[in-house]
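What follows is a set of notes on a single structure, which appears directly below.
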Amino acid sequence: LLNGTPRKNSHPVLDNFRVEKTTLSPDLKEDEVLVKTLFLSVDPYMRCRMNDDTAADYLLPWRLGECADGGGVGVVEASRNEVLATGDIVTSFNWHWQTRNVINGYLLRKIDPRMVDGHLSYVLGAVGMPGLTAFLGVREKGHVTPGANQTMVISGAAGACGSLAGQIARLDGCEKVIGICGTDKKCQALVSELGFTAAVNYKKGDISAALRESCPRGVDVYFDNVGGPISDTVISQMNSGGHVILCGQISQYNKDVPYPPPLSKETQEDLCSKNITRERFMVLNYMDKHEEGLLQLSQWVKTGQIKVLETVTNGIENMGVAFCSMMMGGNTGKQIVKISD
């Protein structure tokens, strides 16, 4: 349950969440199913749901004293729905943070475990919304051309979306893929495990100099997950005719600013003088391409062409712990909370 909303200009803390025990009615209505929760997701966009105004018409705010919700995957334990049977694996983008849920089965999507090679948590990551966001962001806004010797930079590169976007950029034909993240360990993982060309720790040294060293021919595509000064630095080194994939602005989510946040005058001038495209990307605008995208992501995961990194926290009582950690960069790859086996 949401216990107390942080002010817009503040970080979420554990006291913003509490856990309560409740009892579900054993009697299912027509079309309803009883599901046991297996995994729940925490994601940066959820910080916006802690404000009265989420700044997005497709996102409803969480309400004080009510159960939070987000991406979830589980198994059907009982059903009065004609298309779902006991034992079916299902998922939803609006799964309540509960160990069990009673929900109208038509609000759930049935999952074939073979799509994720048996790793059901991947439904919330690499073969789910973060994966689609990375895949369609690169495909729809990146303008990657095989053989064009392009360099892509990804901020938030060790997160759920960024870690996938870099791999997809490489598969789609980028010559160099550079990740920006916040620890040396994450940098090492990007290069040694995920195949990034190089990685930059923005918390150490001169990020501008490090980028120039990693991108001597400049930056052609920028997958922006963080915004703020990091993005200003990347954009200042972009080539004419480049493309910014405006995916997220996590560095700004704890501030009372509009979305997308306003840019500095210098950055606006860079975009204009270099004819760099920068359009807000929303994966929900491409629903007609989701099925094809999930099939491609599934194939890449099953063949090992995409490596999946996860940070797993155990227990419904630790949802707040996982959320606050994720918002401070405590995760490598997708932050997952395992609720039950």
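Sequence positions, counted from 1, serve as the residue numbers for this chain. Predicted, not measured: the structure shown is a model, and the values here were computed from it.
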Pairwise distance [atom1]([X]) to [atom2]([Y]) - rounded to 0.5 angstrom:
| X | Y | atom1 | atom2 | value |
| --- | --- | --- | --- | --- |
| Y222 | C215 | OH | SG | 11.5 Å |
| C161 | N225 | SG | CG | 5.0 Å |
| K141 | F281 | NZ | CZ | 8.0 Å |
| E66 | D69 | CD | CG | 10.0 Å |
| L132 | Q296 | CG | CD | 11.5 Å |
| R100 | I339 | CZ | CD1 | 11.5 Å |

Tell me whether [X] at atom [atom1] has more than 12 heavy atoms from other residues, nucleotides or ligands lying less than 6.0 Å away.
| X | atom1 | value |
| --- | --- | --- |
| M328 | CE | no |
| E292 | CD | no |
| K307 | NZ | no |
| Q268 | CD | yes |

Task: Pair F223 and F196, ring centroids less than 6.0 Å apart - done: no
Give a yes or no on whether a salt bridge exists between [X] and [Y], defined as a side-chain N under 4.0 angstrom from a carboxylate O.
| X | Y | value |
| --- | --- | --- |
| D31 | R80 | no |
| K338 | D341 | yes |
| E175 | R170 | no |

Common cluster, [X]/[Y], ILVMFWY with side-chain heavy-atom separation under 4.5 Å:
| X | Y | answer |
| --- | --- | --- |
| L309 | V127 | yes |
| L171 | L295 | yes |
| M282 | L60 | no |
| V312 | V123 | yes |
| V83 | V75 | yes |

I'd like to know if the side chain of [X] reaches the main chain of [Y], judged simply by a donor and an acceptor atom lying under 3.5 Å from each other, with no hydrogens or angles considered.
| X | Y | answer |
| --- | --- | --- |
| H290 | V283 | yes |
| S79 | V33 | no |
| T145 | A148 | no |
| Q167 | I306 | no |
| T91 | R109 | no |
| D220 | T151 | yes |
| E213 | S208 | no |
| N318 | N314 | yes |
| R139 | D172 | no |
| T233 | P229 | yes |

Task: side chain to side chain contact (heavy atoms under 4.5 Å, CB included) between T311 and M326, worked out - done: CA-CA 9 Å; T311 298; M326 179 268 307; over 6 Å; no
Closest approach of [X] and [Y], non-hydrogen atoms and distance?
| X | Y | result |
| --- | --- | --- |
| V337 | A322 | CG2-CB, 3.6 Å |
| H243 | G142 | CD2-O, 3.9 Å |
| D224 | S231 | OD1-OG, 2.8 Å |

TODO: Dump the intermediate steps for side chain to side chain contact (heavy atoms under 4.5 Å, CB included) on M238 and V244, then the final yes or no.
DONE: CA-CA 9 Å; M238 291 188 71; V244 177; 3.7 Å; yes
- [ ] Just do the side-chain hydrogen bond (donor to acceptor under 3.5 Å, both in side chains) check on N275 and S240 with the steps written out, would you?
- [x] CA-CA 6 Å; N275 194 30; S240 295; over 6 Å; no
- [ ] Take Q335 and T313, measure what side-chain hydrogen bond (donor to acceptor under 3.5 Å, both in side chains) needs, and give me the verdict at the end.
- [x] CA-CA 8 Å; Q335 175 66 64; T313 302; 3.0 Å; yes
Open item on the list: Can you tell me how the ring of F323 sits relative to the ring of F17, calling it parallel under 30°, perpendicular over 60° and tilted otherwise?
Closed with: perpendicular
Open item on the list: One pair to check against side-chain hydrogen bond (donor to acceptor under 3.5 Å, both in side chains): S41 and D43. What are the steps and the verdict?
Closed with: CA-CA 6 Å; S41 174; D43 303 277; 2.5 Å; yes
Open item on the list: Under a 3.5 Å cutoff, is there a donor and acceptor pairing between the side chains of E32 and N81?
Closed with: no
Open item on the list: Within the structure provided, determine whether L40 and M319 are in side-chain contact (heavy-atom separation under 4.5 Å).
Closed with: yes
TODO: Check whether any side-chain heavy atom of I111 lies under 4.5 Å from a side-chain heavy atom of V90, and answer yes or no.
DONE: no
TODO: Please say which of L190, I154, N201, I207 ends up in a side-chain contact (heavy atoms from CB on, under 4.5 Å) with I180.
DONE: I207
- [ ] Quick one: which residue pairs count as a side-chain hydrogen bond (donor to acceptor under 3.5 Å, both in side chains) with a foot in residues 117-131, not counting sequence neighbours?
- [x] S121-E310
